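Each ligand, and each atom within it, is numbered from 1 in the order the structure gives. Sequential numbering from 1 along the given sequence is applied to the chain's residues. Bear in mind that the values here come from a model prediction, so they are computed numbers and not experimental data.
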Amino acid sequence: MNIAEIVFPIPLNKSFSYQIPENLKTEQCINRRVKASFGNRTLTGYCIAVKENSIQQNQKQLKEIIEVLDKEPVITDEMNKMAAWLSQTYLCSTGEALSVIVPVSLKVPKRKEKPKKEITKKENPVFKVTKYQQNALDEIFLAIDKQQNINFLLHGVTGSGKTEIYLRSIQKVLEQNKTAIFLLPEIALTPQFIKIIKKRFGNIFALWHSEVSLIKKYKIFDSIQKGEIKIVIGARSAIFLPFENLGLIIIDEEHETTYKQNNKPCYCAKEIALWRAKYNNAVCVFGSATPALDTYKKCIDGSFKLLELPERIDSKPLPKIEMVSLKNVNLKNSVLSKKVISAIKQALARREQVIIFLNRRGFSSTLMCQNCDAVYQCPNCSVSMVYHKYPEVLKCHYCGKEIKFPVKCQKCGGKNFRIFGVGTQRVEEELKKLFPFSKIFRLDADTATSKDVYRKVYEGVKNEEYDILLGTQMVAKGFDFSRVSLVCVVDADTSLYLPDFSSSERTFQLITQVAGRCGRADIKGKVLVQTNFAQNYALVNAQNYSYKNFYEQEMDFRKQLQYPPFCDMAKVTVRNKQDKKAQEVAQSIYEILENKILKLNYQISLLGPCQNYIAKLNGSYRWQIILKGQNEQIRPLLKELINIKLPAQTYINLELNPTDLL
Ligand code: ADP
Ligand code: ZN
């Protein structure tokens, strides 16, 4: 009788031995998902090795595996190596790593599948690529032909035809009998896009996102292993799909934070893409109009190759962006300025459509001095302090510093402050009052409950059932509507002064992206941005569409304060239903880390513990510790915490280079 080594998706980085049932051969067990009892529970784990029985273990009376879930192996060689790497890189157990690669939840369908329908006909577009597109394609094709692991950053303004480059590159690897993964932020999987893909590639592609059923996911998984599916287009987790012969990985809108998972294991799909591309000698294409700073830095450092599309298709002009200064403007309880209202009125009169954009994190409140416009900043951290109502204090969400309200302006001593931060509902009310005959669709986290809502919005706006689309981040991305001539950004300041070091970068990206939603067809586009800080470099550079200037100024700032990409950061979050418990555990972890740092003489600074920006989430209180240093030291330090024994009902999350510190 042989013994199976099983790892479970639990925070214990070791394998456990079980007996293989007599009716099964060892080959029917290895690299498959198995059910086994663990403590007093039944868990699904992964059989990662089998070995011959030794006398010792016989005496221990090992438990038997309850059930092997998969007929065929589901863990390939590459996946095994990937799991080991994930566990090292993101500080989780091998079982936890495998659980994102081959989800335990994939459901084996009961009935046998009908054979697949005939492959539908492929349709290629009629247009000729532009010279910029051709340049980019030449470089990518060369790398594909040579089977060279080259990573490209495709930096192209909105509407410059990046998608066409992705699709032709996919076509190219298919011709070489290779496969491709195409990642999009979940939000961008719009019906318009799916239609294009279907036309192009027929039945050999699959979609992979959170709303695909677990049975369907299993089928996709299986079809990929059988070689029937050669392309997957999907959200973050599609990066793990078991393609052999991977030739190309595309990551569109690569600056999006959704490529990072913020619960365990906190992986980054972009990093995994680079790992897999290297393993497979494949080509990576990251694309964006507003590349993440660290990706652009890689181009300068030489590990990425930069491809540029500086113009829109047909040299269509980019929409003009205008700052609408709110300084010295009395809005009288209204959210929209006169200028914005009149522009909306005019657009509606011309029977054009309008997008009104409000930052989702609009609930955050920051203080601005009415006299000198200074935003109240933490004396320790150079980030804005957050206004809390109950009790009325200002808090730094990095270091935990707290200041009683009222305060005096740090710059001029003024005592009058403005608090900024408004919600979408408030704006909707105002729009309804101002434009009672227009049809408004509000798209935000409350209304966008499923993909179906997107379809409704998309079709509704396309068919001109709506005049105004009002929403959060979700309206900023992906949509391609030809009759939108005006985009209004209600409040650029909330995102500009979020208590986070990346707030300027996010604001620059958001303004550029949302501006890209208009003027896409024959109607000229215009963008109005309401702000108190019309001179801020993030806004000015967005206005001028000058990514490079922004990049240089922002890198200066990051360098001065030693923020990423000049250092690495990590966030340790402790959760408990009781605030006090969470704080206590965070404190004790802080002390463990502090001692280790001293003992090993590491160059790591520890901040906190302090309450998370959203102190209570889903009934749990959250406390966090921030680490600043280099991953070479941060990783071994935090490794201590993987197997740490925590009090009941306490959870800990480790994030390396988190997308924000909020
Ligand atoms: P991006 O992804 O860079 O924002 P898209 O890929 O959405 O831009 O392209 C914008 C529009 O231009 C799309 O409708 C696309 O079909 C079209 N397009 C792309 N390349 C060409 C081309 N060479 N000639 C004409 N139209 C093109
Ligand atoms: Zn601080």
Do [X] and [Y] get their side chains close enough for a donor-acceptor pair, meaning under 3.5 Å?
X	Y	answer
E254	T295	yes
Q133	K162	no
N280	E78	yes
N135	E139	no
Q509	R506	yes
Y259	E253	no

Which residue owns the protein heavy atom closest to [atom], what's the atom, and how far is it?
atom	answer
atom 26 (N) of ligand 1	I313 CG2, 3.5 Å
atom 8 (O) of ligand 1	G161 N, 3.1 Å
atom 20 (N) of ligand 1	Q133 NE2, 3.0 Å
atom 22 (C) of ligand 1	F127 CD1, 3.3 Å
atom 7 (O) of ligand 1	R520 NH2, 3.5 Å
atom 13 (C) of ligand 1	D480 OD2, 4.5 Å

Review point. Minimum heavy-atom separation for V461 to Y466, with atom names?
Key: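 Minimum heavy-atom contact is N-CD1, 4.0 Å.
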**Study point:** Proximity to ligand 1 by part of K128, non-hydrogen separation under 4.0 Å
**Key:**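 Looking at K128 and ligand 1, just backbone atoms fall under 4.0 Å.
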Check your understanding: For ligand 1, is there an atom lying under 4.0 Å from some heavy atom of D314?
Key ->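 No, that is not the case, since the closest heavy atom of the residue is not under 4.0 Å from the ligand.
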Review point. Do any heavy atoms of G159 fall under 4.0 Å from ligand 1?
Key: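 Flag set, G159 near ligand 1.
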Check your understanding: Do the ring planes of F501 and Y563 sit parallel (below 30°), tilted (30 to 60°) or perpendicular (above 60°)?
Key ->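 The arrangement is parallel - the two ring planes meet at less than 30°.
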Check your understanding: To which of V129, T130, T163 does the heavy atom nearest atom 2 (O) of ligand 1 belong?
Key ->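 Considering heavy atoms of V129, T130, T163, the nearest to atom 2 (O) of ligand 1 sits in T163.
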Check your understanding: Short list, please: which atoms of ligand 1 are under 4.0 Å from a heavy atom of V157?
Key ->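 Contacts of ligand 1 toward V157, numbered from 1: 3 (O).
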Check your understanding: Which ligand 1 atoms are under 4.0 Å away from a heavy-atom of S160?
Key ->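 With S160 as reference, the close atoms of ligand 1 come out as 1 (P), 3 (O), 8 (O).
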Exercise for review: Consider every N or O of T158 and every N or O of ligand 1, then say whether any pair is closer than 3.5 Å.
Suggested key: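 No, no N or O pair falls under 3.5 Å.
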Review point. Between E164 and ligand 1, does any nitrogen or oxygen pair lie at a separation below 3.5 Å?
Key: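 Not met; the criterion fails.
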Point to revise | Sub-6.0 Å ring centroid separation between F286 and F152 | key: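 Between F152 and F286, which both carry aromatic rings, the centre distance is not below 6.0 Å.
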Review point. Any non-hydrogen protein atom below 4.0 Å of atom 15 (C) of ligand 1?
Key: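 For atom 15 (C) of ligand 1 the answer is no, since every protein heavy atom stays at 4.0 Å or beyond.
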Exercise for review: Under the ring-ring contact (aromatic ring centres under 6.0 Å, His included) rule, what do Y296 and Y547 come out as? Steps first, then yes or no, please.
Suggested key: CA-CA 10 Å; Y296 201 81; Y547 177 83; 4.8 Å; yes
